[in-house]
Amino acid sequence: MRLADIARASRDIGAASARTEKVALLAELFRAADPADAPVVIMYMSGRLPQRRIGVGWNTLRERREPSPEPRLGVREVDALLTRIAAVSGKGAQGERKRLLDELLGAATEEEQLFLLRLISGELRQGALDAVAVEGLASAAGAPVADVRQAVMLSGSPAAVAEVLLSRGPSALAEFRLTVGRPVLPMLAHTAKGIDEALARTGPCALEEKLDGIRIQVHRDGDDVRVFTRTLADITDRTPEVVALVRALPVRRVVLDGELLAFDERGRPRPFQETSGRTGSTLDVAGAQTAVPLSPVFFEVLHVDGEDLLDTPAAERRALLDRLVPEAQRVRRLVVADPTDPKERAAAAAFAAEALERGQEGVVVKSLDAGYSAGRRGTSWLKVKPVHTLDLVVLGAEWGHGRRTGTLSNLHLGARAADGTFAMLGKTFKGLTDALLTWQTERLRKLTVAEETWGVTVRPELVVEIAFDGVQRSTRYPAGVTLRFARVVRYREDKLPSDADTVESVTALLP
DNA sequence: TGTGTCTGCCCC
DNA sequence: ATTCTGC
DNA sequence: GCAGAATGGGCAGACACA
């Protein structure tokens with residue numbers, strides 16, 4: 001298949017507003033594709049590269065290249081060139097990557113260039129990614145969407161599903177089942193505001209501590225143990241303690257789902273930054289392990305010795321987990337059989353409070369009868385985390401992109417310092433409705449003291465209430481702290497900058 | 001050798 | 001990660 | 001309710017450059 005066909009389809013999909021139309025355009029594209037090209041086509045149309053990372057980012061893409069007048073690139077050729085770019089390393093790598101990129105873009109027409117730039121920078125913005133691409137694929141192959149979606153969740157690979165489906169037809173979908181050694185997309189949770197709301201929504205449930213580490217899925221087949229992250233990256237080599245621990249379990253074949261994090265001597269969780277740093281270390285794993293040992297805490301079992309448990313009710317899965325995994329490696333849990341019973345509700349509230357006292361992030365409330373919905377953000381899992389708020393001062397704002405073009409979007413936030421100035425603590429663009437975006441753009445223009453290429457700096461007069469999940473240490477900001485997951489709640493025009501919260505009060509929230 | 005910049009289906 | 005918006 | 005878009009901070013690793 002020619003790149004030109006893909007670039008044109010992407011443009012048409014972006015121009016279509018109705019989802020059904022996007023699906024139809026995708027189906028047309030898949031029907032025209034050679035099954036051998038299908039893996040690459042579906043990945044491109046869902047906005048990602050088969051190479052995962054190619055070492056080329058926004059900065060390298062910035063400069064303009066003269067386009068080719070005629071289309072002459074095929075998808076296989078493009079894929080091969082990107083593979084070569086990804087493989088470049090060592091001294092002079094940046095120059096060599098740039099040279100290969102010039103070669104690629106020089107052979108592309110203007111429309112193809114635009115597509116490649118959007119694809120490589122990760123900003124496809126065609127209003128259709130994974131889910132819509134899968135619908136298009138299903139439609140092209142005449143297969144039920146639910147079956148195709150299920151195959152993708154269980155194989156973790158739209159590419160593999162696309163090739164099999166287009167070459168062998170819908171009946172071949174049956175071979176995509178949970179396979180020990182091949183990760184499935186993890187089940188995710190929705191958010192609830194409080195315990196009571198969560199209990200009301202799930203019914204009979206279990207509360208589990210929500211630990212602040214990284215999500216892992218561990219597969220064991222005999223002595224072969226593999227550790228995967230939430231995005232299914234293989235981090236086995238970085239986590240030898242997980243391998244050793246799972247190898248010691250009294251079972252031959254198993255798939256476990258849990259959280260990996262560092263604890264201190266007293267059993268309290270270390271700051272997320274330490275866990276994150278450790279799981280990112282590859283050069284000296286043994287040294288890193290000594291400095292920051294990690295402990296897995298499991299909360300799900302998806303397979304045991306030949307038996308798949310995805311459709312098994314949560315309560316039964318948990319009973320199996322209890323038999324297989326020692327208590328120290330199982331998440332703490334409280335069953336709430338009858339959420340209407342005031343006593344049980346009180347116990348649930350106490351459990352959640354205790355989790356926070358123990359230094360955990362919050363709790364996850366899980367329906368007792370639910371199966372494991374791989375890759376879905378089901379309503380049977382609800383996370384509850386405390387929310388903090390602060391009154392901060394807007395110091396500046398950045399121009400938005402895409403659907404936010406022309407509006408001042410990303411706010412620079414400051415807290416009051418001892419000397420009466422304001423220290424920047426972070427940025428946020430979240431929580432803003434279109435109406436608020438319009439309002440703040442006008443308001444900030446009036447307060448502007450300097451126009452920059454990226455946006456504006458303003459007189460520090462506007463107070464905004466910001467919600468966030470916690471504070472963490474920062475090397476980027478002058479006060480040495482920043483907010484985690486900051487979002488706008490509302491503007492406080494009734495408040496003066498002198499009413500804003502202080503740097504000191506923010507720093508006091510560090511764990 | 002040390003420091004700065006860019007990158008990432010990164011992790012959250 | 002969170003949030004808003006169109007479907 | 002789902003899916004997509006628009007963006008946050010920190011971190012380690014890889015390379016460029018002085």
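We name chains A, B, ... by the order of the sequence lines, and we start the count at 1 in each one.
- Across all strands shown, A/Gln472 has heavy atoms under 4.0 Å from sugar-phosphate atoms exclusively, and none from any base.
- When the nearest nucleotides of DNA chain D are assigned to A/Lys430 and A/Lys91 by heavy-atom distance, the more 5′-ward of the two goes with A/Lys430.
- In this structure, the separation between CG on A/Leu510 and CZ on A/Arg473 is 5.0 Å, given to the nearest 0.5 Å.
- Distance check on atom C1': B/dG8 versus D/dG10 gives 12 Å, rounded to whole Å.
- Here the side chain of A/Arg377 pairs a donor or acceptor atom with the backbone of A/Ala189 at under 3.5 angstrom.
- Taking only side-chain nitrogens and oxygens, A/His190 never comes nearer than 4.0 Å to OP1 or OP2 of D/dG1.
- Note: A/Glu361 CD to A/Phe272 CZ = 9.0 Å, rounded to the nearest 0.5 Å.
- Note on A/Thr191: nothing from the nucleic acid sits closer than 4.0 angstrom, heavy atoms only.
- The distance from atom CZ of A/Phe468 to atom C1' of D/dG10 is 18 Å, rounded to the nearest whole Å.
- Phosphate contact (OP1/OP2 of D/dC11, side-chain N/O of A/Gln273, threshold under 4.0 Å): present.
- Nearest-nucleotide positions on DNA chain D place A/Arg149 closer to the 5' end than the other of A/Gly426 and A/Arg149.
- Note on A/Arg8 versus A/Glu111: no salt bridge recorded, every NZ/NE/NH1/NH2 to OD/OE distance being 4.0 Å or above.
- Among the atoms of the strands shown, only primed sugar atoms or phosphate atoms (P, OP1, OP2) are found under 4.0 Å from some heavy atom of A/Gly400.
- If you measure from atom CD of A/Glu274 to atom C1' of D/dC11, you get 12 Å, rounded to the nearest angstrom.
- At whole-Å resolution of the value, CG in A/Leu26 and P in D/dG4 are 10 Å apart.
- Here C/dT5 is the nucleotide among C/dT5, D/dG8, D/dC2 with the atom lying nearest to any side-chain atom of A/Arg403.
- For the C1' atom pair drawn from D/dG4 and B/dC9, the interatomic distance equals 16 Å after rounding to whole Å.
- Side-chain contact of A/Ser10 with A/Arg118: a donor-acceptor pair under 3.5 Å is present, judged by distance alone.
- The nucleotide whose nearest atom lies closest to any side-chain atom of A/Ser89 is, among C/dC7, D/dG9, D/dC15, D/dC15.
- Across all strands shown, the partner of D/dG8 is B/dC12, judged by Watson-Crick or G-U wobble contacts whose two distances both fall under 3.5 Å.
- For A/Lys427, counting side-chain heavy atoms from C-beta on, the closest listed nucleotide (D/dG8, D/dG10, C/dA1) is D/dG8.
- For A/Arg476, a side-chain nitrogen or oxygen approaches OP1 or OP2 of D/dG10 to under 4.0 Å.
- Between B/dC6 and D/dG8, the two P atoms lie 16 Å apart (nearest whole Å).
- Relative orientation of the A/Tyr491 and A/Trp439 rings is tilted, given thresholds of 30° and 60° on the angle between their planes.
- Note on A/Ser474: every side-chain N or O is 4.0 Å or more away from OP1 and OP2 of D/dG9.
- A/Leu124 places its CG atom 12 Å from the C1' atom of D/dA5, with the value rounded to the nearest Å.
- Between A/Lys193 and C/dT2, a side-chain N or O to OP1/OP2 separation shorter than 4.0 Å is absent.
- Residue A/Asp212 is tested with A/Arg270, A/Lys385, A/Arg484 for a salt bridge (charged side-chain N to carboxylate O under 4.0 Å, His left out); the sole match is A/Arg484.
- Toward the 5' end of DNA chain C, the nearer of the two residues A/Val488 and A/Arg19, judged by each one's closest nucleotide, is A/Val488.
- Nucleotide B/dC6 is shown with an anti base, its glycosidic torsion being more than 90° from 0.
- Atom-to-atom, NZ of A/Lys22 to C1' of D/dG4 comes out at 9 Å; the value is rounded to the nearest Å.
- Between D/dG1 and A/Arg377, no contact under 4.0 Å exists linking OP1 or OP2 to a side-chain N or O.
- Under the Watson-Crick and G-U wobble criteria, each requiring two contacts below 3.5 Å, nucleotide B/dT5 is paired to D/dA14.
- A straight line from CD of A/Glu96 to C1' of D/dA14 spans 16 Å, rounded to a whole angstrom.
- Remark: the A/Gln51 side chain and the A/Asp79 side chain contain an N/O donor-acceptor pair separated by less than 3.5 Å.
- Summarising the geometry, atom OG belonging to A/Ser380 is positioned 11.0 Å from atom CZ belonging to A/Arg201; distances are rounded to the nearest 0.5 Å.
- More than 12 heavy atoms of other residues, nucleotides or ligands sit less than 6.0 Å from atom CD of A/Glu197.
- Separating the CG atom of A/Leu436 from the P atom of C/dC4 is a distance of 10 Å, rounded to the nearest angstrom.
- In this entry the distance linking CD1 of A/Ile13 with C1' of D/dA5 reads 16 Å, nearest Å.
- Comparing D/dG9, D/dG4, C/dT3 by their closest approach to the side chain of A/Ala131 singles out D/dG4.
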Please encode protein proximity along nucleotides 7-12 of chain B as a string of B, S and -, counting only heavy-atom distances under 4.0 Å.
SSBSSB
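- Out of D/dA3, D/dA16, D/dG13, the shortest distance to the side chain of A/Gln94 is found at D/dA16.
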